[in-house]
S.K.: 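Once you've had a glance at the structure underneath, I'll fire off some questions.
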Number of protein chains: 2
Amino acid sequence: MKEAVTDILKHSQLSITESRLKILELFTKHNKALSHADIEKISSKNFDRVTVYRTLQTFVDKGIIHSIPTADNSVMYALCKETCTEGHHHDDHVHFICDECGNTYCLDNIDIPKVTIPKGFSTHQVNVLVNGVCKSCK
Amino acid sequence: MKEAVTDILKHSQLSITESRLKILELFTKHNKALSHADIEKISSKNFDRVTVYRTLQTFVDKGIIHSIPTADNSVMYALCKETCTEGHHHDDHVHFICDECGNTYCLDNIDIPKVTIPKGFSTHQVNVLVNGVCKSCK
DNA sequence: TAACATTTTGCAACATTGTTGCAATTGTAT
DNA sequence: ATACAATTGCAACAATGTTGCAAAATGTTA
């Protein structure tokens, strides 16, 4: 597991630091989206707030994680799949937010439906957020 | 116009105050989503920040406006259609964010596509955010 | 491994955004 | 017009996010 995390960093040409390893590990361990606050809370080591912000930003820039728009406008981040590269995200998948437990999941295997857009508009990216109740909360 | 705004407040059983009239007017005048910051900026009168927050919250509670999740996690609000009532929003429509001008529009006439959700999950609400270039920026 | 250059971290200070309690003001109904 | 209820604005605070800079950690080269 640790090796996988190290590999991701290497592959993105990032130097291997404790903060990056630990934070990236949190994402691989918890199979759900994490907020900045989550990371500060669940991490054993107490990182400086600034470090967490900068690490998350670096990961987003490198295509390691992506940010998720949520209904309550808290910033959530989740691991990208292999198709994401630096400067170009392919996170056209459905995000599911459970209203019970509050967890946010990426539903990678669900296809984004085609959205019809009025004439004269062009589409760059489509985000689909589904609120509901997840399997474990049912 | 002013009457229409007054009517909306009356219909929602809200007392008619200057702040509510002015803020609601901003929404009816500008045919796009507004952020808290927008409202403070474009309003002639300088409302207290707290008043704006509370007014927006009241409008959301009463089903007059709805909040829109955005990719950069800034909070946007837009007028609801008549189908929205207190405590129950029907804002299942597509939101379009122009990457050029930054404006956010409700595409009320575009149907929300059906999203397939894994077994064991149930759906309450679906939000669709489309990023792209709008008609006027093309 | 040691020394150096580069990057990252943590601190401090600050800016922005959002919240709460309370007194003063405004709106509504009688 | 008066009285009651609701709303507003102020002050103080809490949370969230940003920037510059010195110290520490990392990567590289010899």
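Computed from a predicted model, the values in this text were never measured in an experiment. Numbered from 1 within each chain, the chains take letters A, B, ... in sequence-line order.
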S.K.: Specify the separation, in whole Å, of atom CZ of B/Arg49 and atom P of D/dA15.
M.R.: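 That distance rounds to 15 Å.
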S.K.: Can you tell me the distance, in whole Å, between the CG atom of B/Leu14 and the C1' atom of D/dA5?
M.R.: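 Taking atom C1' of D/dA5 as the reference, CG of B/Leu14 is at 14 Å.
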S.K.: Quick check on DNA chain D: between A/Glu18 and B/Thr55, whose nearest nucleotide comes earlier from the 5' end?
M.R.: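 Here B/Thr55 is the residue nearer the 5' end.
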S.K.: Kindly say whether the aromatic ring centers of A/His95 and A/Tyr105 come within a distance under 6.0 Å.
M.R.: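 Ring centres of A/Tyr105 and A/His95 not closer than 6.0 Å.
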S.K.: What I'd like to find out is whether the side chain of B/Phe27 reaches to under 4.5 Å of the side chain of B/Ile65, using heavy atoms alone.
M.R.: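 Heavy-atom side-chain distance check passes, below 4.5 Å.
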S.K.: Rounded off to whole Å, could you give me the CG-to-P distance for the B/Leu9 and C/dT26 pair?
M.R.: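 Going from CG in B/Leu9 over to P in C/dT26 covers 18 Å.
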S.K.: In this structure, how many angstroms lie between the P atom of C/dT19 and the CG atom of B/Asp48, rounded?
M.R.: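 It is 14 Å, rounded to the nearest whole Å.
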S.K.: Aromatic ring centroids of A/Tyr77 and A/Phe59 under 6.0 Å?
M.R.: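 A/Tyr77 vs A/Phe59: aromatic centres not under 6.0 Å.
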S.K.: Is there a side-chain polar atom (N or O) of A/Thr51 under 4.0 Å from OP1 or OP2 of C/dT9?
M.R.: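 The answer is no; no side-chain N or O of A/Thr51 sits under 4.0 Å from OP1 or OP2.
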S.K.: What's the CD-P distance between A/Gln57 and C/dT8, to the nearest Å?
M.R.: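 Computing the A/Gln57:CD to C/dT8:P distance gives 13 Å.
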S.K.: To the nearest Å, give me how far apart CG (B/Leu21) and C1' (C/dT26) are.
M.R.: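 The answer, rounded to whole Å, is 13 Å.
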S.K.: Quick check: on DNA chain C, is the nucleotide nearest B/Thr17 upstream (toward 5') of the one nearest A/Phe47, or the reverse? Name the residue that is more 5'.
M.R.: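 Checking each residue's closest nucleotide, the 5'-ward one belongs to A/Phe47.
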S.K.: Of the listed nucleotides (C/dT8, C/dG18, D/dT8), which one gets closest to any side-chain atom of B/Arg54?
M.R.: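 For B/Arg54, the side-chain atoms sit closest to D/dT8.
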S.K.: Got a donor-acceptor contact below 3.5 angstrom from the A/Thr58 side chain to the A/Arg54 backbone?
M.R.: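 The answer is yes, because a donor-acceptor pair under 3.5 Å joins these two groups.
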S.K.: Which nucleotide in the set C/dG27, C/dT8, C/dC11 lies at the smallest distance from any side-chain heavy atom of A/Val50?
M.R.: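 Comparing C/dG27, C/dT8, C/dC11 against the side chain of A/Val50, the answer is C/dC11.
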S.K.: Whether A/Lys45 and A/Glu18 form a salt bridge (side-chain N of Lys/Arg under 4.0 Å from carboxylate O of Asp/Glu) is what I want to check.
M.R.: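 Yes, charged N to carboxylate O under 4.0 Å.
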S.K.: Name the nucleic acid region contacted by B/Val52, choosing base, sugar-phosphate or nothing; use a 4.0 angstrom heavy-atom cut-off, strictly under.
M.R.: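 B/Val52: no heavy atom of the nucleic acid under 4.0 Å.
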S.K.: Can you tell me the distance, in whole Å, between the CD atom of A/Glu40 and the P atom of D/dT16?
M.R.: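 Spelled out: CD on A/Glu40 to P on D/dT16 is 9 Å.
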S.K.: Could you state the atom-to-atom distance from OH of A/Tyr53 to C1' of C/dT9 in whole Å?
M.R.: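 Taking OH of A/Tyr53 and C1' of C/dT9, I get 16 Å after rounding.
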S.K.: Respond yes when some side-chain nitrogen or oxygen of A/Lys45 is under 4.0 Å from OP1 or OP2 of C/dG10, and no when none is.
M.R.: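 Result: yes.
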S.K.: Among the nucleotides D/dG17, D/dG27, C/dG18, which one has an atom lying closest to any side-chain atom of B/Val75?
M.R.: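 Given the options D/dG17, D/dG27, C/dG18, the side chain of B/Val75 is closest to C/dG18.
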